[in-house]
*Asks:* 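Can you read through this structure? Questions will come right after.
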Amino acid sequence: MTVRVRIAPSPTGYFHVGIGRTALYNWLFARHHGGTFIVRSDDTDAERSTQEYQDDILEHLRWLGLEWDEGIEVGGPHAPYRQTLRLERYHEVTDALLAVGTAYPCFCTPAELDERRRAAMAEGRPPGYDGRCRSISPTTALARRGAGEAASVRFAVPRPGATAFRDEVRGEMDIDHANVDDFVILRSDGSPTYHLASSVDDVDFGITHVVRGEDLLSSTPKHILLTEALGGQPIVYAHLSLLMGPDGRKLSKRHGDTAIRAYRERGIIPEAMVNYLALLGWSPGVDETVVALADMVERFELSDVSRNPAIFDPAKLEWMNGVYLRELAVDDFLARTLPLIEADLERGLDDEELARLAFIAPLVQERAKLLTEVAPQVRFLFVDEIGYDEDSWAKVMTADEIPAVLAAAMDRLSVIPEWKTAAIEEALRAMLETLELSPRKGLQPLRVAVSGSSVSPPLFESLEALGRGPTLARLAGAAARL
RNA sequence: GCCCCCAUCGUCCAGCGGCCCAGGACGCCGGCCUUUCAAGCCGGUAACACGGGUUCGAAUCCCGUUGGGGGCGCCA
């Protein structure tokens, strides 16, 4: 049997790290088994669904490299893969269930249900639907509907009864139907609920494994019951624990960024995000933290997925991002960084500037954790006027010997025969010796004078990249500002 | 309230009855290196929630307590 898995994001919000991880696990599972990964759109919530969110989801699925074999935008044998386009099918199924009595019309209004739910809670009874419309005879029900009375359709859960299944990450489950109420499958406005649409799609699309969040664990009997009623093949379930915020509560907006987009914009690269997400709840079985994608595919097993809720830790993500940044080929690093640099400068770089950037890039690559750190670090190479970081200035440009240092540096640098790192270093070290200054004392002022900050790429290389003219001008400029 | 899930360093993960006075990674602290910041290297800090069993032997199995999470919608 070929493995067929899916994710069914609802376009009611940006693609966030939680679904990202679920998508990744589905993808890894499919790839590991040579199966099919499907993406469909759960867009039945017309109120909250937007095209912007839909685009964001697909864009970031691709950004993470989780290409899908079948589904929305790419098509496939079960197209279209969006639920709003399959309403007829849901009605067809509902009618069939109604006909055999596996489902029944419910005439309770939302207001009534709400009131009863409140009362039940207050009295300590289970707040689920009490099943009162289940006893209405089919003829009476038909008459009432014929008379125009609004009705939703509920699934008649067998009682007494229980649903047992084996969850691939949690083990054997057995849920008594006393805890599964007669749930709505079709709203009174004719739209399908999540339970119906999702289960019908899973059956119709031949889904073999459902890997999803633990929040759906207690709804699983509903889906199994529906699947059986539809005559579908049994589906294997695997429920992933949820992602938490730093305070141990469910991850949400108030914890800061949960959107994958936000991390991308902050300078996280997809390789790092994927690696980090993969290990947030799954272990390849060895004490390794940085794992190549191919190895993940090779080793991924649902049985190795952790049952513990996991706290999303941006600090570790950033560390990992640094690891991946350093592993990048310089050209690749440059390619990913250039758009950010040009955006920062608000102009493109010419060939000569590109060459200077390429010269300095490896040195920046070594120290970056985020792609977004690069532009500010190299900005001084491409602007006419630099802005000084005031903290840096206050910290290093206030010592008594500063004027002498700047003057000596200008003297030395203006006469070196060749403007190369080695010659620059030699000249400046000679200067340090003459002035009897430590590198820290004598070189930091030059760094601030030239780059505007006490933090920059290595000084000698930076000067070479800047060029003699601009270097001398910056030194003079700083001297004038003292 | 009821039902379900979970429980190893601050965090993520390893451990699936003896190899564990518990291992790796992030973080944190210290050192080395050093032209800044990083990186790198070396070292350190820190956990089996609690109580009962089972067993020659328990982080590992069972029960309970506590704690955390999820669910109980004509949301998904």
Side-chain angles (χ1 to χ4, degrees), chain A residues 8-10 12-13 42-45 47-49 106 108-110 113-114 117 120-129 150-154 167 169-171 173 175-176 178-181 183-189 191 193-195 197-198 213-220 239 241-242 244 246 248-250 276 279-290 304 306-313 315-320 322-323 326 363-369 373 377 392 396 425 428-429 432 438-444 446-448 451 453-460 462:
Chain A
S10 175
T12 53
D42 224 329
D43 58 352
T44 50
D45 187 343
E47 300 266 304
R48 298 187 298 149
S49 294
C106 172
C108 302
T109 66
L113 292 170
D114 194 48
R117 184 164 26 248
M121 288 265 234
E123 291 167 32
R125 286 180 289 116
Y129 182 64
S152 62
V153 177
R154 289 181 184 272
D167 186 284
V169 342
R170 272 150 224 285
M173 306 297 284
I175 298 179
D176 194 301
N179 301 307
V180 183
D181 68 350
F183 55 101
V184 172
I185 57 175
L186 199 74
R187 301 188 188 96
S188 51
D189 68 359
S191 65
T193 61
Y194 166 77
H195 301 303
S198 167
E214 192 195 351
D215 49 341
L216 264 354
L217 184 56
S218 33
S219 296
T220 304
H239 288 91
S241 59
L242 271 18
M244 303 292 167
R249 322 278 319 179
K250 188 177 177 182
Y276 177 70
L279 265 53
L280 236 200
W282 169 72
S283 166
V286 290
D287 276 343
E288 283 169 23
T289 310
V290 179
D304 293 330
S306 168
R307 288 177 292 274
N308 302 2
I311 292 176
F312 185 84
D313 178 11
K316 190 163 183 175
L317 206 210
E318 291 190 9
W319 163 79
M320 188 166 279
V323 171
R326 269 168 260 127
L363 301 172
V364 180
Q365 181 177 7
E366 252 174 55
R367 27 187 58 74
K369 258 192 171 114
E373 288 169 16
Q377 291 254 319
S392 297
V396 327
E425 174 162 10
L428 292 178
R429 290 218 184 266
L432 292 178
S438 66
R440 186 177 211 100
K441 283 262 180 199
L443 263 25
Q444 275 300 82
L446 305 184
R447 186 187 306 282
V448 172
S451 76
S453 168
S454 60
V455 176
S456 84
L459 184 64
F460 311 127
S462 292

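Labels below follow one simple rule: chain letters A, B, ... track the order of the sequence lines, proteins then strands, and each chain is numbered from 1. Keep in mind it's a predicted model, so treat the numbers as computed, not measured. All heavy atoms count here, side chains included; hydrogens, waters and symmetry mates do not.
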*Asks:* Is the phosphate of B/A76, meaning OP1 or OP2, less than 4.0 Å from a side-chain N or O of A/R48?
*Replies:*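 No, no such contact exists.
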*Asks:* Dump every N/O contact between nucleotides 39-43 of chain B and the protein below 3.5 Å, one line per pair.
*Replies:*
residue, atom, partner, partner atom, Å
B/A39, O3', A/R326, NH1, 3.2

*Asks:* Tell me the interatomic distance from A/M173, atom CE, to B/C3, atom P, rounded to whole angstroms.
*Replies:*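 Whole-Å distance recorded here is 14 Å.
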*Asks:* Considering only the P atoms, how many Å lie between B/C4 and B/C13, rounded to the nearest integer?
*Replies:*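 After rounding to an integer number of Å, I get 25 Å for this pair.
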*Asks:* For the base of B/C74, is there a side-chain donor-acceptor partner from A/S188 under 3.5 Å away?
*Replies:*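 Check passes, donor-acceptor contact within cut-off.
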*Asks:* OP1 or OP2 of B/U8 less than 4.0 angstrom from a side-chain nitrogen or oxygen of A/R307, does that happen here?
*Replies:*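 Looking at the OP1 and OP2 atoms of B/U8, neither is under 4.0 Å from any side-chain N or O of A/R307.
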*Asks:* What pairs with A/P110 under side-chain contact (heavy atoms from CB on, under 4.5 Å), at least two apart in sequence or on another chain?
*Replies:*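 With sequence neighbours excluded, A/P110 shows a side-chain contact (heavy atoms from CB on, under 4.5 Å) to no residue whatsoever.
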*Asks:* Taking B/C12 as the reference, what is the distance to B/A76 when you measure between their P atoms (whole Å, please)?
*Replies:*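 Pairwise P distance, B/A76 against B/C12, rounds to 32 Å.
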*Asks:* Once hydrogens and angles are ignored, does a donor-acceptor distance under 3.5 Å link the base of B/U35 to the side chain of A/R447?
*Replies:*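 Flag set: donor-acceptor pair detected.
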*Asks:* Between A/N308 and B/C6, is there a side-chain N or O to OP1/OP2 distance below 4.0 Å?
*Replies:*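 Checking A/N308 against B/C6: no side-chain N or O falls below 4.0 Å of OP1 or OP2.
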*Asks:* For nucleotides 60-68 of chain B, which of its nitrogen or oxygen atoms have a protein nitrogen or oxygen under 3.5 Å away, and what is each distance?
*Replies:*
none

*Asks:* Drop me the distance from A/E373's CD to A/R367's CZ, to the nearest 0.5 angstrom.
*Replies:*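 So the gap between those two atoms works out to 11.5 Å.
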